[in-house]
Structure formats: C-alpha cells, structure tokens
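Written below as structure tokens is the structure these notes are about.
The figures here come from the full heavy-atom set of this structure, side chains too, leaving out hydrogens, waters and symmetry mates.
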Amino acid sequence: LARVVVDLPPAAMPEPETFEDVTTELSVLIAKDDEPRPRRQTTQPPPIPRPSQAIAPVDLVGDWRLGFELGRGGMSTVYAVSHREFGKRAALKLSRESTDGPSLGAKMFLREARIVQLIDHPARPDVFATGTHEGRPYLVMERLHGETLAQLVATGLDRRRAFELLVELCDVLAVAHDAGVTHRDLKLDNVFVLDAQHATPNKLKLLDWGFAHVATEDDPFVGLVAGTLGYVAPEQLLSLPITPATDVFS
C-alpha cells in the first residue's frame, strides 16, 4: 500500500496525548468490543490487478500486434508481439521518447540494432527488424524465456552455476572486444539467463547494447556517464578513454 504523508500546519496539530488519555480510550474501546455487534453486510472485494501485464494503449506497431508487457527500463518498454500476417512471435522494444525531441537516448536507440550485428556470438540478442511508431523508434528481437541475473541472484545462485554463467559472459565479451565493441553498461539486469528448455547452445543473453562504445566510430556519449552508477568503471566517471577493461571492471 502507498504511504500518504500529510503535512499539517502547527495550528492543526493535536495536543500530545498523556498515558492516562490513552488508557481511558482503550478502556472504552474494550467495553464496546464486548457489546453485541449488528450483522455486517458483505460485499464483493474489488478484483486484484495483474502486475506488469497491462495491454498497451495501441494494438499495432508496424506489422507487429502488441500483447502484454514483458518489462520496462528507463527509456523503453518491451512487449510480447506477434506478426499480424504470419504469426511469428517476438519481443518489441518501444522507446518512450520521440527521435524529434532533445533526448540523446531516443536518437541513439537504433544503434543497438546495428551494433549487435558486429558481434558474432549466440549470446548476443538477435535484432531482426526496426522502425518508428508515432515518431518513437522500436526494435523487434527474439523473445527470450527465463529471468535476469539480478532476479536469479536474489533467489539464490549456487557456486557452480555462477562460474558457468561467468565463463559464458566472458566469452561473449571477448568476442565483442575482438570486434572493437565495449558494452559499457554491464550489470546484473542486462544479463538474461535462459531457462533450461531454451538454453541451447548458450545459457544466457547479454542485452542492451545501445550504450556500447565502438572503437572505429565517434563516441556519441563523450562527456557523459553512459552506464549505471554502481557498475561504471573509474574511466567512465573521469571521461577517460573507454577500453575493454571498462567491461572487466563492471
């Protein structure tokens, strides 16, 4: 339940209660509790809302029919979708901001679709369609089944599985680094651990490459801390050159 705090003016504040006041009030309440109570009329309780499963306000984005919400971040919302003609199931990541606005995040949203193609590894997400909807960019990618590493750590992660995931994470990062790409926003929420049914041949997917640094390109985030505080390396805070060591630190 949400907590509501009301700031009363001094004149409206009640006088402090004494111990005698409290005990007297309690005695009256106890006496009333012994009296027979009238039969209460019962009413049906309101339905319990389903968390994070709301249908999006629009039904169609491009050729993709929107289903329920899969998750959301600071700049975008991810929906389960299906193609309106041949029914292919996927995930659609829709920006909350227009590319016409001042936000650099919206303008760089589609970088992810291009950057992941530079990385030849099954643990990077497969982005296979892009577009804009009412001025907001979107990506269509494979729909994943499992949970984030943050969720897995919160419920318990044994030592052996932790090492297995770490080795695979290092493997995809090594391939990215060889291609000149530094993820730059490595954190528990961006590592998606696949469930056993969908974990062949890899056990995880490294998500959210939109902030990645590409060694052969101008960096659009120069002078900005493009990452998540608590995970960023010192060079990100000091505006020093980004290298693969940035990911190693995170």
Side-chain angles (χ1 to χ4, degrees), residues 70-79 81 90-97 99 103-132 136-150 165-194 198 201-222 224-233 235-236 241-250:
L70 293 173
R72 62 176 58 202
M75 296 191 306
S76 61
T77 304
V78 181
Y79 300 96
V81 296
L92 186 143
K93 183 177 180 181
L94 179 63
S95 174
R96 296 203 189 99
E97 299 177 349
T99 53
S103 171
L104 180 62
K107 287 183 172 62
M108 305 312 298
F109 190 81
L110 298 179
R111 287 183 80 235
E112 181 172 4
R114 179 176 56 82
I115 290 174
V116 295
Q117 306 306 322
L118 301 174
I119 304 163
D120 186 15
H121 194 283
R124 58 91 165 147
D126 182 17
V127 178
F128 48 82
T130 64
T132 58
R136 295 181 293 160
Y138 66 84
L139 308 177
V140 184
M141 61 188 71
E142 60 181 322
R143 183 175 169 187
L144 304 176
H145 300 269
E147 57 187 336
T148 66
L149 187 54
L165 296 175
L166 183 60
V167 167
E168 187 168 322
L169 181 60
C170 289
D171 190 54
V172 63
L173 285 173
V175 172
H177 295 163
D178 287 343
V181 179
T182 302
H183 188 281
R184 192 161 52 180
D185 193 21
L186 187 62
K187 58 183 177 181
L188 295 176
D189 286 319
N190 283 343
V191 180
F192 194 90
V193 182
L194 303 172
H198 300 86
N202 54 299
K203 298 180 178 64
L204 59 82
K205 294 279 186 175
L206 180 53
L207 308 178
D208 288 341
W209 292 84
F211 284 142
H213 177 270
V214 182
T216 57
E217 301 178 3
D218 293 335
D219 188 358
F221 302 105
V222 171
L224 302 175
V225 180
T228 303
L229 293 178
Y231 294 89
V232 295
E235 59 267 26
Q236 291 175 270
I242 301 299
T243 69
T246 302
D247 286 341
V248 175
F249 182 94
S250 298

**Request:** Just do the side chain to side chain contact (heavy atoms under 4.5 Å, CB included) check on W209 and V127 with the steps written out, would you?
**Result:** CA-CA 11 Å; W209 292 84; V127 178; over 6 Å; no
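Side-chain atoms of Q236 do not come within 3.5 Å of backbone N or O of G227 as any donor-acceptor pair. Using modelled atom types, no side-chain atom of R124 and backbone atom of I115 make a donor-acceptor pair closer than 3.5 Å. T243 places a side-chain N or O within donor-acceptor distance of the main-chain N or O of A245, the cut-off being under 3.5 Å.
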Using residues 172-179 as the side-chain source, report each donor-acceptor pair under 3.5 Å to any protein atom, sequence neighbours left out, with the distance given to one decimal.
unit_1, atom_1, unit_2, atom_2, d
H177, ND1, L173, O, 3.3
H177, NE2, D247, OD2, 2.8

Side-chain donor/acceptor pairs under 3.5 Å, residues 140-147, sequence neighbours excluded:
unit_1, atom_1, unit_2, atom_2, d
E142, OE2, D126, N, 3.0
E142, OE2, K205, NZ, 2.9

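Every residue meeting the side chain to side chain donor-acceptor pair (under 3.5 Å) condition with T246, not counting sequence neighbours, appears here in chain and number order: E235. Applying the side chain to side chain contact (heavy atoms under 4.5 Å, CB included) test to L166 and every residue at least two apart in sequence or in another chain returns C170. A search for side chain to side chain contact (heavy atoms under 4.5 Å, CB included) contacts involving D208 returns K93, E112, N190, not counting sequence neighbours. In this view, H213 satisfies the ring pair (Phe, Tyr, Trp, His ring centres under 6.0 Å) rule with no residue, not counting sequence neighbours.
The shortest heavy-atom contact between L70 and A91 is CD1-CB, 4.1 Å. Closest approach of A113 to L139, counting heavy atoms only: CB-CD2, 3.9 Å. Scanning all heavy atoms of the two residues, the minimum distance from E217 to R111 falls at OE1-NH2, 4.3 Å. Heavy atoms only, all atoms of each residue included: H183 and L207 are closest at NE2-O, 2.7 Å. Between G131 and L110, the closest heavy-atom pair is O-CD2, 4.5 Å. Considering every non-hydrogen atom in both F211 and F221, the closest pair reads CD2-CZ, 3.4 Å.
Residues L186 and L206 have side chains in contact (heavy-atom distance under 4.5 Å, counting atoms from C-beta outward). Two residues are said to be in side-chain contact when any heavy atoms from C-beta on lie closer than 4.5 Å; L149 and L204 fail this criterion.
Atom CG of L188 sits about 7.5 Å away from atom OG1 of T148, to the nearest 0.5 Å.
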